[in-house]
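I have placed the structure first, in the form of structure tokens, so that the comments after it can refer back to it.
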Amino acid sequence: MRKVALMKKLILLLVALAFVSMHATSVGAASVDAREVARMNNCVPKKIDIYQQTLGARPQTTYRVECVLPKTVATDLVAQPVNAVLIQCSGSLCKMLRAVNLNDR
């Protein structure tokens, strides 16, 4: 009786571990896709953070990708360039949502 209960718990633990590792792999693959979408939108990625994440039947992850800006001489009168983009990934499909400025907090 105890062996059966122990086996059930072990099987449940293995299934949960497999599900978590599958989800972690898909999030890692999506960040690579987000990096490519940023490059296609003239943003050389410097740092990628998870901005928003939804779980469920249709999981989506929104990434905030900081861009490497060219070194220019700027004054206070010149508008600061956009230095980040928001990219939304659903599965392996990613699209750019909008450009954001990290200095406007």
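These figures come from a predicted structure and were not determined experimentally.
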Closest non-hydrogen atom pair between [X] and [Y], with its separation:
X: Ile48; Y: Ser31; answer: CD1-O, 3.8 Å
X: Val65; Y: Pro45; answer: CG1-CB, 3.8 Å
X: Asp49; Y: Glu66; answer: OD2-OE2, 4.2 Å
X: Gly56; Y: Pro59; answer: O-CD, 3.5 Å
X: Cys94; Y: Asp33; answer: SG-CB, 3.5 Å

Distance-only polar pair, side chains of Gln53 and Gln60, donor-acceptor under 3.5 Å
no
Assigning hydrophobic clusters by single linkage (Ile, Leu, Val, Met, Phe, Trp, Tyr; side-chain heavy-atom cutoff under 4.5 Å), is Val85 placed with Met40?
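Linked, Val85 and Met40 end up in one cluster.
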Atom pair [atom1]/[atom2] of [X] and [Y] - distance to nearest 0.5 Å:
X: Arg39; Y: Cys67; atom1: CZ; atom2: SG; answer: 11.5 Å
X: Ile87; Y: Lys95; atom1: CD1; atom2: NZ; answer: 12.0 Å
X: Arg64; Y: Leu97; atom1: CZ; atom2: CG; answer: 14.0 Å

Those residues at least two apart in sequence (or on a different chain) that pass side-chain hydrogen bond (donor to acceptor under 3.5 Å, both in side chains) with Gln52 are none
Taking side-chain hydrogen bond (donor to acceptor under 3.5 Å, both in side chains) as the test, write out the residues that go with Asn41, two or more places apart.
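Residues passing side-chain hydrogen bond (donor to acceptor under 3.5 Å, both in side chains) with Asn41: none at all.
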Indicate yes or no: at least one non-hydrogen side-chain atom of Leu86 is less than 4.5 angstrom from one of Tyr63.
no
Any side-chain heavy atom of Lys9 within less than 4.5 Å of one from Ile11?
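Result no, sub-4.5 Å side-chain heavy-atom pair not found.
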Evaluate side-chain contact (heavy atoms from CB on, under 4.5 Å) for Thr61 paired with Ile50, printing each intermediate quantity in order.
CA-CA 7 Å; Thr61 305; Ile50 294 178; 4.0 Å; yes
